[in-house]
2 protein chains.
Amino acid sequence: MRDPLARYPGYSLRRAANAMSAELAARLAALDLRQADASALMVIAANPGMTASALARQLDIQRANMVPLLNRLEEADLIGRSPIDGKSRGLELTSAGREKCTAAQSVIDAFEADMIARIPEQHRAHLLPALDALWR
Amino acid sequence: MRDPLARYPGYSLRRAANAMSAELAARLAALDLRQADASALMVIAANPGMTASALARQLDIQRANMVPLLNRLEEADLIGRSPIDGKSRGLELTSAGREKCTAAQSVIDAFEADMIARIPEQHRAHLLPALDALWR
DNA sequence: CGCGGATTGCTATAGGCAACAACATTCTCT
DNA sequence: AGAGAATGTTGTTGCCTATAGCAATCCGCG
């Protein structure tokens, strides 16, 4: 079978991202978390009191799409929202949220380590800077 | 704003793939093609007569999800299907499909070139092998 | 001080993509 | 011939994202 797509870095990028995403999603499912949930928890943990809008900007998610995400996290008692002014509310982790977040950290750290281990050593150091150049 | 996600290659991989995917999708939209369509056209062009199942395996798409994709391509008169035996049908490009495919090739080649140009030169050669190690 | 524009949070709706289960038909191999 | 595999298809579900629009609130400039 001829594979005309093999030589395209863009195609490999998509395939690699899909494969890694699927694996991480599977690992996070054990914690009842989606990837977006875990990212949100970690960013909130590092920036307590931030607004939903700021979180959306940070994660490059549309404001509209934060709503179900945050509702889900609040529903699960992982985050709380307290009024900053009339319209904004600050986000913070509950204690359950902090526990869940450290658990997620462990899962993600293990995942990242496994992922990096799969890359031939001479290429490893180049991956992050190359990827960052594509979107930062 | 502290960004605890910055140090994770896996996160960068996801973000980079999303960014590149969005850009390619936008460029292909000018041809009325989705990414999956373009991939399918290129693989069929390189392997005329292949079956839908073989294409699904090649692209790592579930058999079931090939149906709407191929129907769309056939609807647009880009591919044809001719019976191989009682149950299998071989896929081939129509002449419009061949034109569309070469047009897609141009778009993708330009896209890949632009993408690679954004990567600092000392990292470029390492990207493809590193990515391939993650999914091949 | 007040007003206009920007920001915030939210609803509703849609599309792209992929996963899964199930099914009938047909092929292939022993 | 019969068992098991492959093929094409349907229907359903889930996740993620995008867009448009709305009401409430905030803020800076005149």
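Nothing here was measured: the structure is a model prediction, and the numbers come from that model. Every heavy atom of this structure was used, including side-chain atoms; hydrogens, water molecules and symmetry mates were not. Numbered from 1 within each chain, the chains take letters A, B, ... in sequence-line order.
Whole-Å rounding puts the A:D37 CG to D:dG14 C1' distance at 14 Å. Between the P atom of C:dC10 and the CG atom of A:L55 lies a distance of 13 Å, rounded to the nearest Å. The separation between B:L59 atom CG and C:dA18 atom C1' is 13 Å, rounded to whole Å. Atom P of nucleotide C:dT8 and atom CD1 of A:I61 are separated by 16 Å, given to the nearest angstrom. Atom CZ of B:R15 and atom P of D:dT17 are 9 Å apart (whole Å). The distance from atom CZ of A:R72 to atom C1' of D:dT17 is 13 Å, rounded to the nearest whole Å. Following rounding to the nearest Å, B:R63 (CZ) and D:dA6 (P) show an atom-to-atom distance of 9 Å. Atom CG of A:N18 and atom C1' of C:dC17 are 9 Å apart (whole Å).
The residue A:R57 sits close only to the backbone: its heavy atoms come under 4.0 Å of sugar-phosphate atoms, none of a base. Here B:A64 lies in heavy-atom contact (under 4.0 Å) with a base. Within the 4.0 angstrom heavy-atom criterion, base atoms lie near A:N65. B:R81 comes within 4.0 angstrom of sugar-phosphate atoms only, judged by non-hydrogen atoms across all strands, and of no base.
Comparing A:R14 and A:P68 against DNA chain C, the residue whose closest nucleotide sits nearer the 5' end is A:P68.
Remark: side-chain polar atoms of B:E92 are not paired, donor with acceptor, to backbone N or O of B:I79 under 3.5 angstrom.
Put simply, the residue from A:R27, A:R72, A:K100 that forms a side-chain contact (heavy atoms from CB on, under 4.5 Å) with A:L33 is A:K100.
At a cut-off of 3.5 angstrom, counting only N and O atoms as typed in the model, there is no donor on one side facing an acceptor on the other between the side-chain of B:R34 and the base of C:dG16.
Not one side-chain nitrogen or oxygen of A:R89 sits closer than 4.0 Å to the OP1 or OP2 atom of C:dT8. For A:Q62 and D:dA18, the shortest distance from a side-chain N or O to OP1 or OP2 is below 4.0 Å. Between C:dG9 and A:S53, a contact under 4.0 Å exists linking OP1 or OP2 to a side-chain N or O.
A:L69 and A:L59 fall within a single hydrophobic cluster, where Ile, Leu, Val, Met, Phe, Trp and Tyr are joined by side-chain heavy atoms under 4.5 Å apart, directly or via other members.
Remark: A:M115 CE to A:E23 CD distance equals 10.0 Å, nearest 0.5 Å. Put simply, CG on A:L78 and CG on A:D37 are 8.0 Å apart, with the number rounded to the nearest 0.5 Å.
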